[in-house]
> 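This structure is in structure tokens; I'll ask about it shortly.
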Amino acid sequence: MNRKKRYVVKRSGVAKVNHGNRLDTFIPSGKAVAGPPLGPQLGQKNINIAAFCKEFNERTKEYKEGIPLPCRVTVNNDRTFDLVINQPPVTYFLKQAAGIQRAAMKPTHEVAGKVTLKHVYEIAKIKQQDPTQSFLSLETICKQVISIARTCGIQVVPKLDAQEYGQFLEQRKLIVEEELKDLQAKKEARMLRTA
């Protein structure tokens with residue numbers, strides 16, 4: 001994102017960079033702490049970090065701990081802030097519905113999991129609660145969810161057989177283990193080259 005920086009001239013004649021008054025970030029529910037990476041981001045915006053963490057944790061206590069929540073923080077001139085907390089991202093819901101931990105490494109070539117049209121509808125209903133999505137029709141949000149599922153390698157099907165899908169997940173688990181081993185081998189080879 002390219003954001004314009006505003007310069008404010010101080011009395012001493014030295015220009016101070018104002019980085020804007022908005023912060024968009026993901027914060028795990030119930031886990032806002034003053035340490036990195038959140039603390040420094042809030043500190044740059046001159047936000048009272050302790051007050052922010054307390055308010056965020058209080059407002060997200062109904063969520064299961066650790067769910068990533070997209071947040072938009074608008075900073076006022078008097079160091080107060082307006083906090084808008086959106087629903088978890090669509091990818092989180094898709095992976096939960098499909099029963100997988102990781103999306104596909106090659107989304108167009110492999111299927112990481114499957115969800116039904118009912119899952120898509122339920123996810124769209126939840127995402128419609130977000131302020132940025134509230135003006136969209138449910139059909140449009142469903143199309144967005146299906147598009148995101150495709151980019152994750154998650155196949156949308158009319159219905160699923162539980163036993164058949166359980167076998168699919170067992171086979172998929174072996175493939176994921178192989179992919180992780182390959183990634184680890186590549187990482188170690190890269191470390192040897194740079195050493």
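When a residue number appears, it is its place in the shown sequence, counting from 1.
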> Backbone N or O of Gly113 within a donor-acceptor pair of the Tyr165 side chain at under 3.5 Å?
no
> Could you walk me through whether Lys45 and Phe81 pass the side-chain contact (heavy atoms from CB on, under 4.5 Å) test, one step at a time?
CA-CA 10 Å; Lys45 302 289 183 188; Phe81 56 87; over 6 Å; no
> Counting only N and O atoms by type, is there a donor-acceptor contact under 3.5 Å from the side chain of Arg172 to the main-chain atoms of Ile100?
no
> For Lys31 versus Asn57, what's the shortest heavy-atom pair and its separation?
N-OD1, 3.3 Å
> Roughly how far apart are Glu164 CD and Lys114 NZ, rounded to 0.5 Å?
6.0 Å
> Decide if atom CD of Gln163 counts as having more than 12 heavy atoms of other residues, nucleotides or ligands within a radius under 6.0 Å.
no
> Would you say Gln101 has more than 12 foreign heavy atoms packed within less than 6.0 Å of its CD?
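No, because the 6.0 Å sphere around CD of Gln101 holds 12 heavy atoms or fewer from other groups.
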> How long is the gap from CG on Asp130 to CG on Asn86, to the nearest 0.5 Å?
4.0 Å
> Nearest heavy-atom pair of Pro107 and Cys152: which atoms, and what distance?
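Taking every non-hydrogen atom into account, CB-C, 4.3 Å.
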> Using the rule that Ile, Leu, Val, Met, Phe, Trp and Tyr join whenever any side-chain heavy atoms are under 4.5 Å apart, tell me whether Leu160 and Val145 fall into a single cluster.
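Yes, Leu160 and Val145 fall within the same hydrophobic cluster.
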> Quick one: do Glu179 and Ile175 satisfy side-chain contact (heavy atoms from CB on, under 4.5 Å)? Show the steps, please.
CA-CA 6 Å; Glu179 287 176 345; Ile175 294 170; 4.0 Å; yes
> Between Val84 and Pro131, which heavy-atom pair has the shortest distance, and what is it?
CG1-CG, 3.8 Å
> Is it true that Glu188 and Gln184 share a donor-acceptor pair across their side chains at a distance under 3.5 Å?
yes
> Taking all non-hydrogen atoms of both residues, which atom of Phe26 and which atom of Pro89 are closest, and how far apart?
CE2-CG, 3.9 Å
> Mind running side-chain contact (heavy atoms from CB on, under 4.5 Å) on Val75 and Ile47 for me, showing each step along the way?
CA-CA 7 Å; Val75 184; Ile47 296 175; 3.5 Å; yes
> Does either side chain, that of Thr80 or that of Asp78, offer a donor lying less than 3.5 Å from an acceptor on the other one?
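Note: Thr80 and Asp78 side chains meet the donor-acceptor criterion.
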> Tell me whether Val111 is reachable from Val157 by hopping between hydrophobic residues (I, L, V, M, F, W, Y) whose side-chain heavy atoms are closer than 4.5 Å.
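Same cluster: Val157 reaches Val111 through Ile, Leu, Val, Met, Phe, Trp or Tyr contacts under 4.5 Å.
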> For the residue pair Arg72 and Thr132, what are the closest heavy atoms and their distance?
NH1-CG2, 4.2 Å
> For Gly66, does its backbone N or O pair with a side-chain atom of Ser29 as donor and acceptor, under 3.5 Å?
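The answer is yes, because a donor-acceptor pair under 3.5 Å joins these two groups.
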> Under 4.5 Å between side-chain heavy atoms, counting indirect links through other Ile/Leu/Val/Met/Phe/Trp/Tyr residues: same cluster for Met105 and Leu169 or not?
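Not linked; separate clusters.
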> Test your reading of the model: is there a side-chain donor-acceptor pair from Thr60 to the backbone of Tyr63, 3.5 Å cut-off?
no
> Work out which heavy atom in Pro88 is nearest to a heavy atom in Tyr92; give both atom names and the distance.
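So the minimum-distance heavy-atom pair works out to CB-CD2, 3.8 Å.
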> Less than 6.0 angstrom from the centroid, inside 45 degrees of the normal: does Lys127 satisfy that with respect to the ring of Phe93?
no
> Going from CD1 on Ile141 to CD on Gln133, what distance comes out if it is rounded to the nearest 0.5 angstrom?
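Those atoms lie 5.0 Å apart.
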> How many angstroms lie between atom CD1 of Ile126 and atom CD of Gln128, to the nearest 0.5 angstrom?
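It comes to 11.5 Å.
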> Do the non-hydrogen side-chain atoms of Leu83 and Cys71 ever get within less than 4.5 Å of each other?
yes
> Between Lys143 and Glu139, does any side-chain N to carboxylate O distance fall below 4.0 Å?
yes
> Does OH belonging to Tyr121 count more than 12 external heavy atoms closer than 6.0 Å?
no
> Is any side-chain heavy atom of Val90 less than 4.5 Å from a side-chain heavy atom of Ile123?
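The answer is yes; the side chains approach within 4.5 Å.
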> Using the rule given for side-chain contact (heavy atoms from CB on, under 4.5 Å), can you reason through Phe56 versus Leu38, listing the C-alpha separation, both sets of side-chain angles and the distance that settles it, and then say yes or no?
CA-CA 12 Å; Phe56 177 84; Leu38 182 61; over 6 Å; no
> Just how far is it from atom OG1 of Thr91 to atom CD of Gln96, taken to the nearest 0.5 Å?
10.5 Å
> Only one of Asn21, Leu23, Ile27, Asp82 clears side chain to side chain contact (heavy atoms under 4.5 Å, CB included) with Val73; which?
Leu23
> Among Ile146, Ile154, Thr151, which one satisfies side chain to side chain contact (heavy atoms under 4.5 Å, CB included) with Leu94?
Ile154
